[in-house]
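Take a look at the structure set out below.
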Amino acid sequence: MTNKYTIPIAIKNEIDHVRAKFPSNENKPAIIESLLILQHHNDGFVTDSIMRSLAEYLSVSEIDVLEVATFYTMINTEPVGRNVISICNNVSCMLRGSDDILKHVEKKLCVKVGQSTTDKKFFLKDEIECLAACNGAPMMQINHKNYENLTLDEVDDILDKIK
Amino acid sequence: MKIYINNIEYDANPDETIIQVADRNNIKIPRFCYHKHLSVVASCRMCLVEIEGVKFAQPACSTPIKEDMRISTKSSKTKEAQKSTMEFLLINHPLDCPICDQAGECELQDVSLKHGDDHSKYLEFKRVVVDKDISPLISTEMTRCIHCSRCVRFGEEVAGNKELGLINRGEFTEIRAFIEDGVSSELSGNMIDLCPVGALNNKLYSYKARTWDLKQHPIISPHDCIGSNIFYHVYNNEIVRAIPKENSDINQTWLSDRDRFGYQGIYSKDRCYVSKHRKNKTLERVDSQDIIKKVNNAINSSLDKNTSSKIGSFISAQSTSEEMFLFQNLLRKLGIKNIDHRTNERDFDYQDTYPLMPSLGCNINDLSEYDNIILIGVNIKTEYPILTVRLNESVKQDTKIYSYHYFNMDEDFPVEKKFVMNNTDLLSLFQEHTLESCRNKKNLLVIGPNITYFSNQSVFLQALDKFAKNINSQIGYLTDFCNSTSGWILGNVPHRTIGGVKLDNPGLNATEMLENDLSTLIFYNLDPENDFHNSSALINSLQKSECNIFFTSYLTPIIEKYADYIVPISTYAESDGSFINIEGRFQSFNKVITPNSNVIDGWRALNELNILNNHQAYTIESIRSELSSTLSKIDFTSKILIDKKKYELDKSTKVHKNSLRHIYSTDQIVRRAKSLNETIQANNKSVYVSRDIFDDSENKKILKVVENNRVFKIDNFQIRDDLPSRTIVYSSSFNNKFTESKSTFVSLKK
């Protein structure tokens with residue numbers, strides 16, 4: 001069995017803040033945001049012991065937490081790369097060539113979509129829906145920052161500059 | 001309100017859904033995810049029906065009715081919708097019915113035959129899901145799962161312990177537990193019944209028989225005093241599985257795992273199949289025709305040699321009412337008064353003022369009518385799992401539950417407040433304690449079996465009586481065996497005879513019989529290793545007595561060592577019988593399987609002895625008519641103890657040594673149920689010690705405890721900070737084997 005994870009007090013305060021938004025007898029709605037907070041402090045993914053500690057802290061069952069964590073793509077249950085690349089593939093971007101960009105990035109980083117590079121530098125995220133930047137299609141988002149009107153050369157430039 | 005289904009008018013209540021009205025009127029609507037005891041999710045879409053004026057077919061399970069609604073369950077639109085849903089559900093379902101245990105009773109199979117199409121448009125690969133080993137009781141075939149989520153909702157809503165969940169989404173959705181073998185609920189077996197396909201299966205029944213070859217026999221649970229109704233399924237004279245028999249007054253449609261899998265104990269290797277008699281210090285096989293005569297001669301020669309007061313007799317409270325009736329009938333006619341069924345108890349001072357019998361004092365269905373239920377020394381989750389369902393229902397209807405115990409244990413329903421204290425502290429608390437929230441409310445105080453194991457039971461009961469009066473509460477009892485009620489009513493106690501009639505010259509109680517060097521001891525259906533509070537006193541008296549007669553279904557080392565006569569008797573399922581449950585409900589059942597030809601029906605053996613002594617001969621019908629005439633005179637509403645004796649409160653500091661009733665070692669049958677004893681709960685066998693005792697002890701590896709001038713060593717213990725002060729708790733009676741007294745005060749040697 002994995003070691004017990006103790007939630008640091010600073011994170012507990014953040015979770016308490018989330019919990020306060022919901023009725024006092026309902027803790028389940030707080031799971032999703034709490035997981036995001038915990039993930040942020042743990043290199044972008046949550047482990048079984050983190051989920052177990054959260055379940056204990058929120059007095060919900062462990063499986064409730066696992067259900068949420070596996071349902072949403074923004075929560076990762078496996079280790080991922082430091083820099084998260086999201087390439088939009090919805091209609092506007094697709095019409096402006098996002099498929100080529102995705103293929104190019106896959107080839108450049110030697111990963112398939114949904115995988116991380118072996119040096120854990122990049123994580124090419126799966127199941128990306130519209131990122132609300134259709135005016136700048138094709139676009140991608142790296143670590144919550146948008147890059148728009150992309151060409152293949154620009155993509156190379158952007159990726160090379162990231163540490 | 002009136003609605004029309006298939007153009008026929010039906011009455012309905014405004015808060016009902018279509019499927020509820022249809023079910024009440026026997027109109028068949030196919031369904032997978034809907035279950036009358038679970039919440040509605042409308043996820044399977046199988047119950048789609050056409051409603052006049054609505055463009056698309058609507059799910060019957062979640063659509064509330066409206067005045068003059070016109071529903072059609074047979075129209076072409078309904079049929080088309082159901083056929084399409086069926087095609088979707090079968091896309092990923094494997095066609096492995098020939099090797100599936102569910103085949104023949106499978107809802108998917110039935111519905112697909114009636115509502116599905118004979119071909120599918122889907123030609124691609126089917127989904128495959130890896131199986132999980134979720135529990136020693138449930139086997140899985142997750143590829144067959146259709147994601148109806150009944151098992152998930154059962155855990156969350158009925159059992160109060162959500163262990164299975166739906167993880168991932170879309171094509172990758174699957175049912176699993178957080179950790180692989182994560183299903184440990186005491187009610188987990190119900191998920192097997194709920195599963196409409198063959199995804200969750202009964203592990204014990206795996207590939208044993210086909211469902212259409214089984215014979216179904218009703219029986220009553222012998223494992224707790226609730227008396228759940230069960231159907232045993234028999235194949236070639238062997239019980240292969242158990243399913244609940246619906247009884248809305250007791251177990252509804254549920255069964256605890258103990259009741260479902262406990263039958264395995266009948267097929268234990270310890271079963272006793274031959275009659276034996278000790279000759280020249282060795283046990284010799286005797287013909288089963290002769291053993292009753294030999295036993296009769298032994299009892300009568302003992303009566304000739306000594307007085308009847310030198311004969312002691314013990315009967316298990318797990319025996320059937322018929323056996324209990326004949327047992328005391330035989331012995332009392334022979335003039336033997338030393339009869340007792342309370343082999344687990346120590347203190348008997350209370351017995352003269354005790355009610356006629358222990359009783360819950362209300363019907364199980366009425367539990368939700370109480371404002372407050374106060375549990376004393378009982379853990380419902382492990383001791384009466386089926387009541388968890390009822391208490392969960394009660395809490396939803398605003399009942400508050402309080403718990404007083406010497407050990408902090410989890411419950412699967414919300415507990416308003418837990419009081420964890422040791423014996424002495426609890427006693428002083430009850431003297432003055434009033435629960436503020438109980439004032440002017442309807443209260444029920446439930447006394448659990450752990451209280452009856454206390455060495456100061458009488459003082460405790462008196463204090464509880466006072467507490468009950470303080471908070472104006474009714475008193476109810478829960479007993480440790482399934483038929484303790486019969487033990488009391490049918491006169492298997494030394495001071496009262498059948499019907500609770502008081503005796504002027506009472507016999508010896510269970511403890512006195514072990515201390516008074518009797519010459520003959522008779523044991524009926526008892527396991528000497530585990531069913532006595534004091535095994536060493538028992539061994540001592542077995543050594544001293546001249547003749548030990550065991551009527552038993554199992555051979556144990558003590559029986560083999562000390563028995564002079566062994567009569568192999570039937571277990572509950574191998575003979576006709578009856579149990580009286582804690583509400584006072586008399587439930588009879590018939591023989592389910594025929595035992596080995598050498599095994600004698602318990603009641604027949606006793607009847608035979610009656611005949612040999614020229615007493616009246618009985619048939620099962622004549623016993624039952626006697627029993628029902630006795631029961632008709634009894635008032636089952638519970639009474640408060642009236643005790644005029646004054647007890648002194650003993651407040652000197654001592655060590656409190658208690659044991660917990662372990663879920664799968666409560667009676668001799670369930671102790672031998674192999675699969676149940678492989679579960680996580682069963683393996684929780686250890687000794688818990690409070691921090692202060694550990695700090696006081698010199699040797700930190702082995703604690704020494706002195707009791708009745710004998711020193712007991714406790715190694716391999718765990719320190720628990722949530723234990724009340726000066727407390728040692730044995731988590732299982734197995735661990736307590738041969739230690740003196742299961743529950744007592746002892747002094748600690750430094």
Side-chain angles (χ1 to χ4, degrees), chain A residues 1-7 22-32 34-36 38-39 45-78 80 89-90 112-115 125-130, chain B residues 39 41 43 129-130 132 134-135 140 142 145 147 149-185 187-188 191 200 381 388 392 395-396 398 400 410-416 418 680 683:
Chain A
M1 192 175 265
T2 42
N3 293 330
K4 198 173 153 55
Y5 173 83
T6 320
I7 305 175
F22 303 103
S24 59
N25 56 345
E26 278 289 338
N27 279 342
K28 275 191 201 171
I31 295 175
I32 183 164
S34 308
L35 278 171
L36 285 173
L38 286 162
Q39 168 172 283
F45 72 104
V46 288
T47 61
D48 276 5
S49 52
I50 290 177
M51 288 190 267
R52 192 174 283 128
S53 305
L54 178 65
E56 199 184 338
Y57 189 65
L58 292 178
S59 327
V60 295
S61 53
E62 293 165 346
I63 192 75
D64 281 329
V65 179
L66 185 71
E67 279 180 338
V68 173
T70 54
F71 187 89
Y72 295 103
T73 46
M74 67 239 191
I75 298 162
N76 301 308
T77 51
E78 298 290 332
V80 291
N89 60 7
N90 272 204
K112 285 274 172 216
V113 70
Q115 294 175 339
K125 214 170 164 184
D126 198 3
E127 292 188 59
I128 304 300
E129 299 305 333
C130 181
Chain B
S39 65
V41 288
S43 67
V129 184
V130 179
K132 287 106 196 160
I134 56 171
S135 132
T140 63
M142 297 319 287
C145 179
H147 306 147
S149 82
R150 277 190 194 174
C151 52
V152 178
R153 282 174 288 147
F154 169 80
E156 192 171 7
E157 296 160 17
V158 180
N161 183 3
K162 189 177 172 187
E163 289 172 319
L164 287 180
L166 272 168
I167 67 152
N168 300 331
R169 62 175 175 183
E171 171 81 356
F172 306 101
T173 308
E174 53 180 282
I175 297 274
R176 68 163 253 213
F178 189 76
I179 43 171
E180 169 112 20
D181 57 349
V183 175
S184 63
S185 162
L187 292 157
S188 66
M191 297 181 199
L200 301 176
K381 180 177 156 77
T388 299
N392 255 323
V395 170
K396 279 177 194 151
D398 286 338
K400 301 250 182 310
D410 291 341
E411 293 282 14
D412 281 342
F413 46 82
V415 178
E416 189 72 13
K418 270 188 202 170
I680 294 170
N683 291 318

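Nothing here was measured: the structure is a model prediction, and the numbers come from that model. Side chains included, hydrogens not; waters and symmetry mates left out as well; all remaining heavy atoms used.
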Check whether any side-chain heavy atom of B/Arg176 sits under 4.5 Å from a side-chain heavy atom of A/Leu66, and report yes or no. yes

Between atom CD1 of B/Ile179 and atom CD1 of A/Ile63, what is the distance when rounded to the nearest 0.5 Å? 10.0 Å

Under 4.5 Å, heavy atom to heavy atom, which residues of residues 150-160 of chain B contact chain A? B/Val152, B/Glu156

At what distance, to the nearest 0.5 angstrom, does CZ of A/Phe71 lie from CG of B/Asn168? 10.0 Å

Give, for atom CG of A/Asp48 and atom CZ of B/Phe178, the distance between the pair rounded to the nearest 0.5 Å. 4.5 Å

Can you confirm whether B/Arg169 sits close enough to A/Glu67 that some side-chain heavy atom of one is under 4.5 Å from a side-chain heavy atom of the other? no

Greater than 12 external heavy atoms within 6.0 Å of B/Glu180's CD: yes

Decide yes or no for B/Lys162 and A/Asp64: does some side-chain heavy atom of the first lie under 4.5 Å from some side-chain heavy atom of the second? yes

